Amino acid sequence: MPLRILKGCKIVRHFRQLASGSFGGAGERELVIAACLYLKCPRGVGNRGGPRSFGMSNKPKNAISPTREEDYPEWYQQVIKAADLAEVSPVRGCMVIKPWGYSIWENMQQVLDRMFKATGHENAYFPLFIPLSFLQKEADHVEGFAKECAVVTHHRLEPGPDGKLVPAGELDEPLIVRPTSETIIGSMFARWVESYRDLPILINQWANVVRWELRTRLFLRTAEFLWQEGHTAHATEVEAREETRRMLEVYADFAENWLAVPVIQGEKTAAERFPGAVVTYAIEAMMQDRKALQAGTSHFLGQNFSQAQNIKFQDAQGGESFAWTTSWGVSTRLVGALVMAHSDDDGLIVPPRLAPRQMVILPIYRGPDDRASVLPYCESLKKDLEQIDFAGGKIRVQIDDRDIRGGEKNWQHIKRGVPLRLEVGPKDLAKDSIFVGRRDTGEKSSVPRAELLATAVQRLDEIQRHLFDRALQLRESHSRRVDSLDELQAWFAPRNEDKPEIHGGFAYCHFIDDPLVNDWLRERKLTVRCIPLSGEEEPGACLLTGRPSSKRCIVAKAY
RNA sequence: CGGGGUGUAGCUCAGCCUGGCUAGAGCGCUUGGUUUGGGACCAAGAAGUCGCAGGUUCAAAUCCUGUCACCCCGACCA
């Protein structure tokens, strides 16, 4: 036994070889142990076990390690793990979204779906597989997506010579797994449209798509992801442009009022434009590490796709015209945005309006007697809370009566980001009060039951607003106008190159939309995120080329 | 796809360089006990064909070859 403990020591290994090789007796083994103990081999005893064996007595201050300051990307992964949102799957680049994470997505879907329908759209469903030839019809589109397409070439498996299944039955024409559905939907639009009276067509699809990404991160970039893609066709350019902007507006509304993430609506530069689009708009949000995250896009496709796919109609004058199309989408990436915008060093914080459960009731009792009185009280409290309207539904409440320690249970809900925790024990029962813990601020207080019921909505709204305000303040305090390249570089240069700290933010600069600019920025790991739609016209000169620019764009590091 | 790294228990890893004893630790899990308004303690226990396939050897987690997967850094991206 002592030998095993000391196995890590080089000296032990050396002696062990002697003991087992030339000599190989029990007596020699004891000698080895004695020798090692005498030498106080540094790795012998102290360095065993995982990292947690250090400082066993003092409990960690925060639930998540490392903290945001220490290592933001790692913190992000740990939050997702601690909150039980998702995990990596056995399939390369694909994640499993777990119930808590999926429930957030379902809530997003529900709200967005309502918004789409309110703006006249209908849901439909198109095939997962797209004939290769379809993709090929629009040149820019091909170029943009070809590299990341999954391709299906066979339709059957057969036992091979070694008994293992091998693909058989090669397809005449390979199918690609949709990276996006412009082509397949466009081909259907072409059949559906004959007259201007058939327009507009306003379709949305909830689906999964596949983009064979090389580097993946949970929710932010995975090979397969869930999203919604809107596709519309219009008789006039004006109408299509309006649609593009309208849906961008819907996204911004959703992001700010439901995700509680402030966003900037802007137009993308040529380099960031959707392959095949005439104009791409996006909503851009700042995460807590001050990097930008594109949270939704809306594209004006002009007649590029309708010409490629022959979406033609007869107009009122009897002439033949190509339709004007748009597409727009948001994805499960929004869950990533939610995590990175709001969470803290104790785990996830979910905005109340999207929370799978807004409140959790934690019964506290010692013995069966307490339980007999506490549980019914909790049940009735739950029932009363569930009568209350909030965010287009009723307040969602759970009683967590699992048989695990109270402290541990409490922390689980903190890590999952439940907005309000309601602790009910014998003492609270006696006072007819509930001990309320608020996730975003950490505040705790005892609140009379009647008051809690009366202020429940207000409390949730308050958290929702606070999260938005906090995110907005972060963005404002890390945004600035920048008027020289030196200043720009200085702002985005980490002080510690080896372990870059959180730095930079949004720089509002004059740049022209030109490959020269992109290259210069790229070398510094920067990109033009967008040209804000709300930005004022302001004559200036491109910081790099000196050519005239009429509007500032946002330069930032991005996901 | 280029450069680097790692695959050993559910998780984090030690052991490998220099082959040989029943393959270990911490956390988690199960059971029992003590606890209980804050991430408990003590004891016992379950759990691993050492990524996979070959090869070398009396003997392979350890050496060799191949392969797969994952991680980090680049190029690409919602």
Side-chain angles (χ1 to χ4, degrees), chain A residues 1 3-10 12-21 24-26 29 43-45 47-54 56 59-63 73-74 77 81-82 87-93 144-148 162 179-180 209 211-217 219-223 225-229 268 271-272 274-275 280 282-284 293-297 299 328-334 336-337 346-347 362-367 370 374 404-415 421 423-428 435 437 444 446 522 525 527 558-559:
Chain A
M1 198 61 179
L3 179 64
R4 236 177 264 145
I5 290 173
L6 296 170
K7 239 163 138 185
C9 175
K10 284 188 180 179
V12 167
R13 267 187 246 124
H14 178 67
F15 275 90
R16 186 177 65 192
Q17 195 195 5
L18 286 176
S20 61
R29 198 187 307 159
R43 294 185 64 197
V45 184
N47 217 6
R48 312 299 307 173
R52 286 196 187 181
S53 65
F54 293 105
M56 281 186 286
K59 292 164 186 166
K61 205 174 173 186
N62 297 109
E74 180 61 22
Q77 309 262 47
K81 193 172 161 189
E87 56 184 74
V88 293
S89 75
V91 187
R92 182 199 182 96
F145 286 106
K147 279 174 290 182
E148 50 193 30
D162 56 358
T180 179
V209 284
R211 296 180 189 176
W212 213 256
E213 299 290 351
L214 304 175
R215 309 225 318 102
T216 59
R217 295 186 69 185
F219 290 112
L220 298 178
R221 179 165 300 110
T222 46
F225 57 94
L226 306 182
W227 79 346
Q228 144 286 308
E229 48 181 326
K268 287 290 188 184
E272 300 262 325
F274 177 78
T280 286
I283 51 172
E284 292 284 334
L293 182 77
Q294 179 174 308
T297 51
H299 316 289
W328 28 274
V330 296
S331 70
T332 37
R333 179 178 245 203
L334 287 175
D346 284 329
L362 303 161
I364 293 161
Y365 45 79
R366 295 189 184 195
D370 285 349
V374 168
I404 57 173
R405 284 189 64 81
E408 169 65 16
K409 195 193 281 185
N410 203 8
W411 274 103
Q412 284 186 11
H413 293 288
I414 292 172
K415 289 187 280 194
R421 300 185 309 281
E423 302 178 19
V424 178
K427 292 178 198 167
D428 308 290
F435 197 71
K444 296 178 192 171
S446 185
R522 177 147 301 176
K525 295 181 180 175
T527 48
Y559 278 98

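Predicted model, so just to flag it, every value in this text is computed and none were measured. Chain identifiers are assigned alphabetically (A, B, ...) following the order of the sequence lines, protein sequences preceding nucleic acid strands; residue numbering begins at 1 within each chain.
- Residue-to-nucleotide contacts include a donor-acceptor pair under 3.5 Å from the side chain of A/Asp428 to the base of B/G37.
- Whole-Å rounding puts the A/Asp370 CG to B/U36 P distance at 12 Å.
- When both distances must be under 3.5 Å, the Watson-Crick or G-U wobble mate of B/U22 does not exist.
- The gap from the P atom of B/C50 to that of B/G24 amounts to 14 Å, rounded to the nearest Å.
- B/U49 and B/A60: their C1' atoms are spaced 14 Å apart (whole Å).
- Ring stacking holds between A/Phe225 and B/A78, with the centres under 5.5 Å apart and the planes within 30 degrees of each other.
- At a threshold of 4.0 angstrom between heavy atoms, the contacts of A/Leu220 include nucleobase atoms, whether or not backbone atoms are also involved.
- The separation of B/C72 from B/G33, taken at their P atoms, amounts to 46 Å, rounded to a whole angstrom.
- Below the 3.5 angstrom threshold, one finds no donor paired with an acceptor across the side chain of A/Glu408 and the base of B/G38.
- Among the protein residues, A/Tyr365 comes within range of no part of the nucleic acid, since none of its heavy atoms lies under 4.0 Å from any strand.
- Computed from coordinates, the A/Ile404 CD1 to B/C41 P distance equals 15 Å when rounded to whole Å.
- Nucleotide B/A40 is matched to B/U34 when pairs are restricted to Watson-Crick or G-U wobble geometry with both distances under 3.5 angstrom.
- Counting only distance, with no hydrogens or angles, the side chain of A/Asp346 and the backbone of A/Asn62 share no donor-acceptor pair below 3.5 Å.
- Among the heavy atoms of the strands, none lies under 4.0 Å from A/Lys409.
- Nucleotide B/G2 forms a pair with B/C73, judged by Watson-Crick or G-U wobble geometry with both contacts under 3.5 Å.
- A salt bridge between A/Lys268 and A/Glu284 is present, with a side-chain N of the basic residue lying under 4.0 Å from a carboxylate O of the acidic one.
- Here the separation of B/C52 from B/C68, taken at their C1' atoms, is 7 Å to the nearest Å.
- A/Arg421 comes within 4.0 angstrom of no nucleic acid atom, judged by non-hydrogen atoms across all strands.
- At the phosphate of B/A75, neither OP1 nor OP2 sits under 4.0 Å from any side-chain N or O atom of A/Lys147.
- The minimum heavy-atom distance linking A/Val374 with A/Pro363 is given by the pair CG1-CB, 3.8 Å.
- Taking atom NZ of A/Lys81 as the reference point, atom P of B/C71 lies 13 Å away to the nearest angstrom.
- In this structure, the side chain of A/Glu213 does not engage the main chain of A/Thr222 through any donor-acceptor pair within 3.5 Å.
- Base pairing annotation: B/A59 forms no Watson-Crick or G-U wobble pair, as no partner gives both donor-acceptor distances under 3.5 Å.
- Closest to the side chain of A/Lys444, from the set B/G37, B/C72, B/G38, is B/G38.
- Atom P of B/A46 sits at a distance of 31 Å from the matching atom of B/U36, rounded to the whole Å.
- Comparing B/A14 with B/A9, their P atoms are spaced 12 Å from each other, to the whole Å.
- Remark: the separation of the P atoms in B/U56 and B/G3 is 31 Å, to the nearest Å.
- Nucleotides B/G2 and B/G20, compared at atom P, are 36 Å apart to the nearest Å.
- Where A/Ser331 and A/Val91 each meet RNA chain B at their nearest nucleotide, the meeting point lying more 5' is that of A/Val91.
- If you take CG of A/Leu362 and P of B/G37, they are 14 Å apart, rounded to a whole angstrom.
- Residues A/Arg211 and A/Phe145 meet the side-chain proximity criterion, which asks for heavy atoms closer than 4.5 Å.
- Residue A/Arg405 places no side-chain N or O under 4.0 Å from the OP1 or OP2 atom of B/U36.
- The distance from atom NZ of A/Lys415 to atom C1' of B/G39 is 7 Å, rounded to the nearest whole Å.
- When each of A/Trp411 and A/Arg211 is assigned the nucleotide of RNA chain B with its nearest heavy atom, A/Trp411 is the one assigned upstream, toward the 5' end.
- Each of B/G39, B/G37, B/A40 was ranked by its minimum atom distance to the side chain of A/Ala63; first place goes to B/G39.
- At a threshold of 4.0 angstrom between heavy atoms, the contacts of A/Gly406 with the nucleic acid are absent.
- When both pairing distances are held under 3.5 Å, B/C29 makes a Watson-Crick or G-U pair with B/G45.
- Distance CZ (A/Arg366) to P (B/U36): 6 Å, rounded to an integer number of Å.
- In this structure, B/G7 forms a base pair with B/C68, meeting either the Watson-Crick or the G-U wobble geometry with both donor-acceptor distances under 3.5 Å.
- The residue A/Thr216 sits apart from the nucleic acid: no heavy atom pair falls under 4.0 Å.
- Residues A/Thr216 and A/Val88 fail the side-chain proximity criterion, which asks for heavy atoms closer than 4.5 Å.
- Atom NE2 in A/His299 sits 10.0 Å away from atom CD in A/Glu229 (nearest 0.5 Å).
- Contact of the A/Phe435 side chain with the A/Leu362 side chain is not registered, since no non-hydrogen atoms from C-beta on lie closer than 4.5 Å.
- Within the nucleic acid shown, A/Glu213 comes within 4.0 Å of at least one base atom, counting heavy atoms only.
- Distance A/Leu226 CG to B/A78 C1': 13 Å, rounded to the nearest Å.
- In this entry the distance linking CD1 of A/Ile364 with P of B/U36 reads 14 Å, nearest Å.
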